[in-house]
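Reading through the structure tokens given below for one structure.
Residue numbers begin at 1 in each chain, while the letters A, B, ... track the order of the sequences.
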Amino acid sequence: MEFELDPADLAFREEVRDFFATGIPPEWRTRVRAGLRLHPEELIAYQKSLAERGWGAPTWPVEYGGTGWSPIRQYIFWTEAAAADAPAQFHQGLELIGPIIFTYGSQALKDRYLPGIINADDWWCQGYSEPNAGSDLASLRTRAVREGDDYVLNGQKAWTSYGHVASHCFVLARTSDEPKRQQGISLLLMDMKTPGITIRPVATMDEKHHTNEMFLDDVRVPVAQLVGEEGRGWEYGKVLLDRERMVTASVAIFLVQTVKGIREAATRRTIGGVPLIDKPGFKAKLAQYEIEVIALQTMVLKVMADAAAGVDSGPLGSMIKLRWSQLSQAGTALWVGALGPQAAHFAPLDNGYALPADMPYAMQGALYARVTSIYGGSSEIQHNIIAQRALGLKG
Amino acid sequence: MEFELDPADLAFREEVRDFFATGIPPEWRTRVRAGLRLHPEELIAYQKSLAERGWGAPTWPVEYGGTGWSPIRQYIFWTEAAAADAPAQFHQGLELIGPIIFTYGSQALKDRYLPGIINADDWWCQGYSEPNAGSDLASLRTRAVREGDDYVLNGQKAWTSYGHVASHCFVLARTSDEPKRQQGISLLLMDMKTPGITIRPVATMDEKHHTNEMFLDDVRVPVAQLVGEEGRGWEYGKVLLDRERMVTASVAIFLVQTVKGIREAATRRTIGGVPLIDKPGFKAKLAQYEIEVIALQTMVLKVMADAAAGVDSGPLGSMIKLRWSQLSQAGTALWVGALGPQAAHFAPLDNGYALPADMPYAMQGALYARVTSIYGGSSEIQHNIIAQRALGLKG
Amino acid sequence: MRFTYSDEQAMLLDSVLRFGQEHFPPTERHRLIQQGRSGEAASWAKMAELGWLLLPIAEECGGLGGGIAELMALGEGFGRNLVPGPYVAACVLAPALLARGGDGQYDLIEQIGTGETLVAAALLEDDGGYDLHHIATRAAVAGDHWTLDGAKAHVEDGGDADWFIVPARTGGETADRTGISLFLVAATVPGLRVERFRGIDGHRHARLELDGVAGQLIGAEGNALADIEAAVARANCAYLAEAVGSMEAVSAITLEYLRTREQFGRPIGSFQVLQHRMVDMTVACEEARAMLCHIALSLAQGQAQFQRAVSAAKVRIGECGVYVGQQAVQLHGGVGFSDELIVSHHLKRQMMLAIAHGSVDHHRMRFAA
Amino acid sequence: MRFTYSDEQAMLLDSVLRFGQEHFPPTERHRLIQQGRSGEAASWAKMAELGWLLLPIAEECGGLGGGIAELMALGEGFGRNLVPGPYVAACVLAPALLARGGDGQYDLIEQIGTGETLVAAALLEDDGGYDLHHIATRAAVAGDHWTLDGAKAHVEDGGDADWFIVPARTGGETADRTGISLFLVAATVPGLRVERFRGIDGHRHARLELDGVAGQLIGAEGNALADIEAAVARANCAYLAEAVGSMEAVSAITLEYLRTREQFGRPIGSFQVLQHRMVDMTVACEEARAMLCHIALSLAQGQAQFQRAVSAAKVRIGECGVYVGQQAVQLHGGVGFSDELIVSHHLKRQMMLAIAHGSVDHHRMRFAA
């Protein structure tokens, strides 16, 4: 076992640290710590600042405009970003569709779309889930029928996150009916200004507009916008499993921010003159939380180190997703608990009255955290995946 | 809702309290509180003292020698017994086979066996489980073949608790092969002195000899010892589900004893001069435990009150079994934790040296508690039962 | 001994359930809540008409003298349909505190009972946690009246109150159990700053700053703490029953969803893991209901045992309620997280009920004390 | 950066695994343990021969100077086959403490390394919890030697010790961090009462009473606490790795059982609930292993960060280890509870490892401090 960073990595860390030493606006802090996404314009500004520095795509190869960083450097980068209260980069373009485009897409698609992802000129949303195809995505019903040089799409998508903001959407649609449901599904890139797309906001329990229903009504998408081959869209997602691991892994690094949020809230609040953070009961809870975060961070580092060493991390990615959502929930709940009675003060009813310092974000983070164990493969699905793929247990 | 006991019940409580005011030997206390069974001779002495008072069978009808007590009176009786650190009565005769005998047995069987159960002249053990028929009892293989006026039994039983002590055994054996595995199983009463019975002790992790394997090798059991009809043994158990609820319910009442054990251990031990029980961390844990015990006790009382009112308690019995085993485990673990480093002192290696006050019983109780979520229908089976029978969810 | 409601209580529960379905069906509820007090005006008037506003008020104060069982039936009914509104603050807590003032307060209590007036108790202060005896606000005699100075961190359901009941020190130090008196303060009185906030469950609360505010002494000077603690314990009973009603309702909704929602070609309720989760939710509901019974059983044992039982119930129902709400959302998946189903609203209400009048941690330590 | 063992460390682990399979196969292990020290004599001699007893000892003391990674490889190997014996007490903890004595103790250290002698550290006292600085035992100069008076509540693996290392006060009060010195005390010295106890895992511990016992000062007088804490943290690393080895072994056994054991006509591993439980056990193993890596990562950051990392690992590995052991027993059902399978022995060892040199609660508060 060797746990020392080599000198070049140490120098890189200094470089990253310097970058983050300036530039993260303080007004982002509470939202970032609560695990909430910043406003699109803020995320775009952040992404542009990274792109300007050449760091817009930490996980991409150099040839597509990425940094070409080793997994260890990615880890260092995210650790420093987290320490500086920087947000996680918005991932739908960078991690979900970008890598599919540069792996399977035509040269034309690469040329057209990759730069816009890195410099945040385009904002991508995902058109996968449907009202009756959530965890069971293979049962999707949206159809893409070929007519001349276009596919004509009809159907309904659910949970289209940031569809109201996006300039583009990557959509899974059925281009043929095959005996195996996973077949005959194609992946198309769609301009959100195309006629026939209707976005309807979905109100969610965190009172933040981030997701939508998307209705596709004779939406014409040029055949050139097909990624890879027709009917193989399902596979493209699967092949990128390794990358997806990195995505959750990187998000998990940001849990140290939640620890800071809790710590500050519990330092600010006193009971009988004693800061909550000094009360043995709270102290023990926060320590427990920090320790579990340490375990997860170290699992992340292990995935990174394994990747660097070319070792297969097995189901560690699913495990990180599982534990990350549990700890997002536990951490924000602890934070909200630290606010005491004022956790009931979520929104002012009159002008001119300030909310408690952390509100509404701490509470919004706690509410938002409930969906982290649902999206991206629910915790139950993650369990199934680990049981079946890694442990070889059959239904 | 009415929660007052009526005056007659209050008077009864005084009577029971008086009975228990004397008579429970102090040397029983720690074992009882740790949820451990007393030695057979102690349990026999206790049962005889109850029988002498006319209280040998609290749950049986008067006509069979029972007390005929209402469920509320049973609850009162057990609550007072628990408060006095009396043990739970040994249940295999009293609750498992006795009620089957008086419900389905011939007059001859009733006359022969019921009094011996009440006055503890006989000690019954259960011959149900087999090495390959634990949770899936219906797959049992022991055979009883009719030869003249006898059944000839061959097979192997597992987990024959107190088989090394018992004078009698009630055995499930296959008397015919039927398409439905639950059919063709018969219930036989067997004298443990019958030739062909071999008992082999099974060492268990609590280092206490309480269970055995039982080998049946051409064991001849007179046909008159058949309970009810041939081939219907499986049903007899099922019909008594309601009674079984009462059995676990009554045991759950005794968890207050564990609370006392923990409390005394944590009062005795000091850290830096402060009794452990006054340390906020421990205080919170014990309070949490007590509260969960209260919830369970009240669920028990509700079952009793429902029974008294002729209301169906539904799956509450299974729930009580579930929660009881969880709380047995949590309570004994808390107790062992309260012992600190000396929890490692389980047995003296030399003569003349005394163990810490609670040892080995607190630890033995903690180890024994692990099996409470396995026997009598594991926690997983209880979940299945509740899901399927009460919630109507199908596999 | 009987654990079920009497016929009369069952009828009350039944009419509360019908009331909830009629006035706050899931499709309407959210819209009404967003309208604030006006959205609840019609239902409040209806409650007044039904006599429910008078129900928890003692007979000697002109109320119907409902006991804990009646409060629980009401609370349970409210919880099942997530009926919003300041019922517990105005009709349970406030009248119990005003009763300390004897017939001097009967007019105000009557106005509460008719629904004309809303009163809320301003109990918690910054730096006090959930401790009711932690009062730094001071009252002093100024000529023929009292003036109050201090601040209140959170007034449960105080967002629409016409009057506040304000505990303040007429003696002793901040954390003393003695020297606390109760004052009635009009919401519009000079020197009082009322900041109003909405919770995630739509309840409207307040935060007060009192700067030489005129207050009217309620009852005798000093020694109000016992009355406050008793009144809060009583209010908690209604909240606890509301939590249980909500848990049972959302469990039933979830069970139905498991039975009907299909994924991978079969009802999701056929997956063993979801079955067992549903069982754990059901057990949690039973535990929570048992804690209500435990409170009822404690009534015969005096106020101290009653309050200890309420603390025990606040711990376990708080835990079980949030657990059930969370799992209901989880088992519903994405739609559970949406605002459109009632499911997430149950979770939000459970989260707020779990901290109303004392968090789980607070009550665990009270129980242990 | 690499999270896997070096080739040399992997070879060490491999030989420890073979050693365990050879000397302590499940069928023999229980019998050997019941024989006490004699049951472990042959294997101890073998360990000496292999040089393992010398491995953790510093090079300047004549040992092989094994680092944390070597200790972890050894510990992991022991844990996988539940190798019994006082290895950590005698070869990791004692030599580290004796090193304080400089060359005056090299003879004794050498005897430890050859397996001739067993030494155990008597660190914990009644009323001290798991605090290493809580020392009431006093040492006084009597002529040309020191005499010790006091008692030690628990000496880990002290049951067969020939010598005890006894911290005692040469200054300060019971809970002070200064004024603690280390003394070497022969097990047979007059005035020393050694009570010997067996744990549920077969380890043999002691409790001491010292009544005017002659002791030999190890190293300088006073200020021994830092050495004690550092030595205990190092010892804990071996224990933590042992816990991880045991967890992974018993998880693998359980997975195999789930695959092969049939009930209701199918492998029990086909039941979703048991699958998910097995997943949770696997995640717990990963978390535990990650905590070992966390310790290794902390080494570069100095003793304070190292000890804090050890405390963090004691918390999480303690919790995960006991959880995995419990679930392994549960998933095996009745046979899991029996003594005949190795499964229950893993749980028992996990329970003891979780409190060895500080319980989960103790280390959580140390981490928080």
Considering all heavy atoms of both residues, which atom of [X] and which atom of [Y] are nearest to each other, and what is their separation?
{"X": "Thr298(A)", "Y": "Cys293(D)", "answer": "CG2-CB, 3.6 Å"}
{"X": "Lys394(A)", "Y": "Gln275(D)", "answer": "O-NE2, 3.1 Å"}
{"X": "Met365(D)", "Y": "Ala284(A)", "answer": "SD-CB, 3.9 Å"}
{"X": "Ala295(A)", "Y": "Ala290(D)", "answer": "O-CB, 3.5 Å"}
{"X": "Glu380(A)", "Y": "His276(D)", "answer": "O-CE1, 3.4 Å"}

In terms of side-chain heavy atoms, does Gln288(A) have a donor or acceptor partner in Glu319(D) at a distance below 3.5 Å?
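There is such a pair between these side chains.
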Using heavy-atom distances under 4.5 Å, tell me whether [X] contacts chain D through its side chain, its backbone, both, or neither.
{"X": "Asn384(A)", "result": "both"}
{"X": "Leu286(A)", "result": "neither"}
{"X": "Gln388(A)", "result": "side chain"}

Once you round to the nearest 0.5 Å, how far does CD1 of Ile291(A) lie from CD of Glu287(D)?
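Rounded to the nearest 0.5 Å, the CD1-CD separation comes to 11.5 Å.
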With heavy-atom distances below 4.5 Å as the criterion, would you say the side chains of Met319(A) and Val279(D) are in contact?
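No - every pair of side-chain heavy atoms lies 4.5 Å or more apart.
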Do Ile294(A) and Arg316(D) come within less than 4.5 Å of each other through their side chains, counting heavy atoms only?
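Sidechains of Arg316(D) and Ile294(A): no contact.
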At a heavy-atom separation under 4.5 Å, does [X] approach chain A through its side chain, its backbone, both, or neither?
{"X": "Gln272(D)", "result": "side chain"}
{"X": "Val315(D)", "result": "side chain"}
{"X": "Met291(D)", "result": "side chain"}
{"X": "Arg277(D)", "result": "neither"}

After noting the C-alpha distance and the side-chain angles of Leu393(A) and Phe271(D), does the key distance pass the side-chain contact (heavy atoms from CB on, under 4.5 Å) rule?
CA-CA 9 Å; Leu393(A) 295 168; Phe271(D) 290 99; over 6 Å; no
Using modelled atom types only, decide if a donor and an acceptor are shared between the side chain of Arg259(D) and the backbone of Leu391(A) within a distance under 3.5 Å.
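Here the side-chain-to-backbone pair exists.
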Are Arg289(D) and Met299(A) close enough, and set up right, to give a side-chain contact (heavy atoms from CB on, under 4.5 Å), and what steps lead you there?
CA-CA 8 Å; Arg289(D) 187 162 280 281; Met299(A) 285 163 71; over 6 Å; no
Only pairs of heavy atoms separated by less than 4.5 Å count here; which of Ala288(D), Pro267(D), Ala312(D), Ala309(D) has the most with chain A?
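Most pairs with chain A among the choices: Ala312(D).
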Can you establish whether the number of heavy atoms outside Glu8(D) located under 6.0 Å from its atom CD is more than 12?
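It does not: Glu8(D) CD has 12 such atoms or fewer within range.
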Salt bridge (Lys or Arg N to Asp or Glu O under 4.0 Å) involving Glu264(A) - partner list, sequence neighbours excluded:
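Glu264(A) satisfies salt bridge (Lys or Arg N to Asp or Glu O under 4.0 Å) with Arg33(A) once adjacent residues are dropped.
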